[in-house]
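Hydrogens, waters and symmetry mates are skipped; everything else that's a heavy atom, side chains included, is used. What you see is a predicted model, and the numbers here were worked out from it, not measured in a lab.
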Amino acid sequence: MSTTTFSSTCFLKGSEVKVSNLKSNNGNWKLHIGGSTALSTKRMQISNSKQEKEIRVALLGASGYTGAEIIRLLANHPYFGITVMTADRNAGKSMDSVFPHFITQKDLPVLVSTNDADFSDVDAVFCCLPHGTTQEIIKGLPKRLKIVDLSADFRLRNVSEYEEWYGQPHRAPDLQEEAVYGLTEILREEIKNAHLVANPGCYPTSIQLPLIPLIKANLIEHKNIIVDAKSGVSGAGRGAKVGNLYTELTEGIMSYGVTRHRHVPEIEQGLSDAAHSKVTISFTPHLMPMSRGMQSTIYVEMGSGVTTENLYQQLKVSYQDEEFVRLLEKGAVPRTHDVRGSNYCYINVFPDRIPGRAIIISVIDNLVKGASGQALQNLNIMMGFPENTGLGYLPLFP
């Protein structure tokens with residue numbers, strides 16, 4: 001006969017309750033409070049397995065970087081648990097065989113192909129599939145599901161514009177009409193009741209967050225906006241490409257998508273909505289020899305009589321109650337190092353040497369606030385939970 005005993009003190013709504021002994025006699029537990037036995041009629045089950053979570057989540061496209069980041073963020077989420085994961089080329093494999101850093105996550109389901117996925121026990125979906133493949137798949141999902149799509153397939157309201165920039169016709173125009181753009185801090189109320197949220201791209205997130213409040217306040221001109229943006233290589237995805245090889249990228253910077261990057265119409269759509277008129281930007285992205293992180297350096301022309309102090313104060317008012325968008329102290333330069341692994345966006349404003357112009361610097365982690373973190377923020381809102389749930393990760397430095 002074996003007996004296990006341990007002691008503890010717990011606090012219930014401000015009152016201290018001393019648990020003097022918790023004894024087990026061959027699995028039958030007795031609770032002693034203040035030295036007396038309180039209850040011993042039921043066996044108390046103590047297990048190392050995780051408690052079943054309230055919201056059952058399917059993750060489509062789990063073998064990419066954004067899918068892996070969803071798994072990392074959900075590992076400590078108290079309400080969301082992954083019950084289905086798809087990865088067509090890795091179907092039948094465990095997640096730790098695809099990403100060895102998940103070897104400790106023993107509760108993850110085995111990867112299946114999208115066609116074999118069972119959504120009968122699913123409440124919500126993160127869709128991390130490539131652009132152009134998502135529309136028909138989401139169109140075929142049960143209507144009761146809440147969906148956050150991390151591809152670009154539902155970001156552009158104008159389906160003709162989607163065809164122009166993505167080179168193929170939109171396959172779910174009816175579904176596009178009900179999709180809500182998921183720039184959380186700007187469209188929070190619309191996201192609450194959405195069935196389908198189109199999660200913003202990484203560059204559009206880093207650019208729109210600082211610019212939309214300034215445009216709405218009529219503090220900057222709608223013309224001559226220049227954006228010089230830089231991203232870690234994970235923004236290009238996990239697929240094997242010559243341009244992403246170590247020797248192609250290390251010790252250098254590479255511009256790409258010059259004048260034709262697919263995020264341009266998405267950025268201009270959001271800025272034009274804020275301005276109630278057409279806004280066109282000059283945007284050039286670059287790949288940097290780092291795994292993750294994004295910086296957008298934005299050059300704007302201020303309105304007549306407007307100063308950089310006015311811009312600073314407007315951003316301060318706009319984001320003073322926001323957890324994840326932070327305006328830094330005056331003069332502090334945002335660094336990608338300082339947001340790595342977190343859902344934060346750091347912003348600051350500087351006067352340009354050219355009179356009447358200002359420089360805005362915005363940094364995010366492209367895989368978190370620029371993708372999976374914002375997706376989780378959106379699903380939290382859609383499911384009625386505090387939007388910071390599961391997102392309390394501090395930035396990782398050094």
Side-chain angles (χ1 to χ4, degrees), residues 10-13 29 42-62 66-87 94-96 99 102 104-112 114 116-129 137-138 140-150 178-180 182 184-185 187-199 323-324 342-343 367-369 371-394:
C10 62
F11 298 85
L12 299 176
K13 295 184 178 180
W29 292 84
K42 293 184 179 180
R43 171 178 289 189
M44 297 175 64
Q45 299 294 327
I46 294 182
S47 171
N48 289 328
S49 63
K50 294 182 179 179
Q51 183 178 1
E52 185 176 344
K53 295 186 178 181
E54 183 176 343
I55 304 299
R56 301 161 298 179
V57 173
L59 175 57
L60 309 186
T66 57
E69 199 71 354
I70 291 284
I71 295 170
R72 181 179 75 90
L73 296 174
L74 291 189
N76 293 313
H77 198 290
Y79 309 115
F80 296 171
I82 301 173
T83 56
V84 175
M85 296 195 306
T86 75
S94 64
M95 195 63 192
D96 61 85
F99 285 105
F102 288 130
T104 60
Q105 301 303 300
K106 299 300 184 183
D107 293 335
L108 291 174
V110 172
L111 295 166
V112 298
T114 305
D116 292 334
D118 180 4
F119 296 97
S120 60
D121 290 325
V122 170
D123 304 301
V125 175
F126 287 112
C127 191
C128 301
L129 296 169
I137 290 173
I138 290 182
L141 293 177
K143 301 300 182 185
R144 61 180 175 78
L145 298 177
K146 296 283 190 177
I147 303 166
V148 180
D149 177 31
L150 281 76
E178 65 179 86
V180 171
T184 316
E185 285 76 12
L187 295 165
R188 183 176 283 114
E189 292 304 312
E190 291 84 347
I191 292 166
K192 283 182 180 179
N193 298 314
H195 155 65
L196 168 61
V197 165
N199 210 61
E323 180 169 355
F324 295 119
S342 77
N343 198 50
L367 291 178
V368 190
K369 187 59 173 172
S372 305
Q374 187 161 216
L376 178 53
Q377 198 176 350
N378 286 328
L379 190 60
N380 281 333
I381 293 173
M382 295 166 75
M383 303 306 293
F385 296 106
E387 66 184 67
N388 62 356
T389 307
L391 289 168
Y393 293 90
L394 290 174

Tell me, do [X] and [Y] make a side-chain contact under 4.5 Å, heavy atoms counted?
X    : Y    : value
L111 : M95  : yes
I71  : M85  : yes
L59  : C128 : yes
R188 : E387 : yes
S372 : L150 : yes
L376 : F126 : yes

Approximate separation, where rounding is to 0.5 Å, of [X] [atom1] and [Y] [atom2]:
X    : Y    : atom1 : atom2 : result
L60  : I147 : CG    : CD1   : 8.5 Å
L391 : N76  : CG    : CG    : 11.0 Å
L108 : T83  : CG    : OG1   : 11.0 Å
E323 : E185 : CD    : CD    : 10.0 Å
I70  : L367 : CD1   : CG    : 10.5 Å
Q377 : L73  : CD    : CG    : 11.0 Å

Scan the side chains in residues 190-197 for donor-acceptor partners under 3.5 Å anywhere in the protein, sequence neighbours excluded, and list what turns up.
unit_1: K192; atom_1: NZ; unit_2: E189; atom_2: OE1; d: 3.4
unit_1: K192; atom_1: NZ; unit_2: E189; atom_2: OE2; d: 3.1
unit_1: H195; atom_1: ND1; unit_2: L145; atom_2: O; d: 2.8

Which heavy atom of [X] sits nearest a heavy atom of [Y], and at what distance?
X    : Y    : result
S342 : Y393 : CB-O, 3.6 Å
C127 : D149 : O-OD1, 3.4 Å
M383 : I55  : CE-CD1, 3.7 Å
V84  : P109 : N-CG, 4.0 Å
F102 : A68  : CZ-O, 3.2 Å
M382 : V148 : SD-CG2, 3.7 Å

For residues 66-86, pull every pair meeting salt bridge (Lys or Arg N to Asp or Glu O under 4.0 Å), keeping only residues two or more places apart or in separate chains.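 Passing the test, one end in residues 66-86: E69-R72, E69-R292.
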side-chain contact (heavy atoms from CB on, under 4.5 Å) partners for T389, two or more places apart: H77, P78, Y79, N380, F385, P386
Would a distance-only check, ignoring hydrogens and angles, find a side-chain to backbone donor-acceptor pair under 3.5 Å from T86 to G61?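 Checked: pair present.
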Using the rule given for side-chain contact (heavy atoms from CB on, under 4.5 Å), can you reason through D123 versus F80, listing the C-alpha separation, both sets of side-chain angles and the distance that settles it, and then say yes or no? CA-CA 10 Å; D123 304 301; F80 296 171; over 6 Å; no
